[in-house]
Amino acid sequence: MRRDTNAAGDVFGGWVASHMDLAASTAAEDRAGCKCATVAVDGLVFHRPMAVGDELNVYTRILRVGRTSMTIEVEAIRRVRRTAIRQKVTQARFTFVALDQDGRPCMVDR
């Protein structure tokens, strides 16, 4: 939407990154079986802009599962409006920690 644009008229990178975080948190919580929190985002690189009206697709892959944390690779791909053209917008590695009911790190359900 237009409210999600930057000064150049492209979709704001923070909007894209927030959807990447949402997708990664879903993958983390599915894997851990509990609440998870983002603790780091590494290597966020924007390859190309995303235009208003493009479709955003976000893909996740769990790279590493530790005792209380997970690293998840996330790719954001746009489908150019009214076409079949798909292009990578950005990618990053998100690190999550599993949390117990008191908000303390807990074991990832193995």
Could you tell me whether the side chain of L63 reaches within less than 4.5 Å of the side chain of I72, counting heavy atoms only?
-> no

Contact check, side chains of Q101 and K35, non-hydrogen atoms, under 4.5 Å = no

Which pair of non-hydrogen atoms, one from [X] and one from [Y], has the smallest distance, and what is that distance?
X	Y	value
V16	A76	CG1-CB, 3.9 Å
G9	V52	O-CG2, 4.2 Å
I62	A27	CD1-O, 4.1 Å
A92	V41	CB-CG1, 4.0 Å
C34	C106	SG-SG, 3.8 Å
M70	C36	CE-SG, 3.7 Å

Evaluation steps, side chain to side chain contact (heavy atoms under 4.5 Å, CB included), between M50 and D10 = CA-CA 6 Å; M50 186 171 163; D10 297 319; over 6 Å; no

So how far is it from [X] [atom1] to [Y] [atom2], rounded to the nearest 0.5 Å?
X	Y	atom1	atom2	result
R78	T90	CZ	OG1	13.0 Å
D42	R93	CG	CZ	8.5 Å
T60	L22	OG1	CG	12.0 Å

T26 meets the side-chain hydrogen bond (donor to acceptor under 3.5 Å, both in side chains) criterion, sequence neighbours left out, with none

K88 meets the side-chain hydrogen bond (donor to acceptor under 3.5 Å, both in side chains) criterion, sequence neighbours left out, with E75, Q91

Under a 3.5 Å distance rule, please check whether [X] uses its side chain to pair with a backbone N or O of [Y] as donor and acceptor.
X	Y	value
T71	R64	no
D4	V11	no
T83	I85	yes
D102	R104	no

Count I, L, V, M, F, W, Y as connected when their side-chain heavy atoms are under 4.5 Å apart, and connections chain through other members. Are [X] and [Y] then in the same cluster?
X	Y	result
I77	M20	no
L56	V74	yes
L99	V39	yes
V97	V65	no

May I have the step-by-step check of side chain to side chain contact (heavy atoms under 4.5 Å, CB included) for V108 and R67, ending in yes or no?
-> CA-CA 6 Å; V108 172; R67 195 173 68 77; over 6 Å; no

Enclosure of F12 CZ (heavy-atom neighbours >12, cutoff 6.0 Å) = no

Can you sort out the partners of R79 under salt bridge (Lys or Arg N to Asp or Glu O under 4.0 Å), two or more places apart, ordered by chain and number?
-> E55

Using 30° and 60° as the class limits, which term best fits the ring planes of F96 and F94: parallel, tilted or perpendicular?
-> parallel

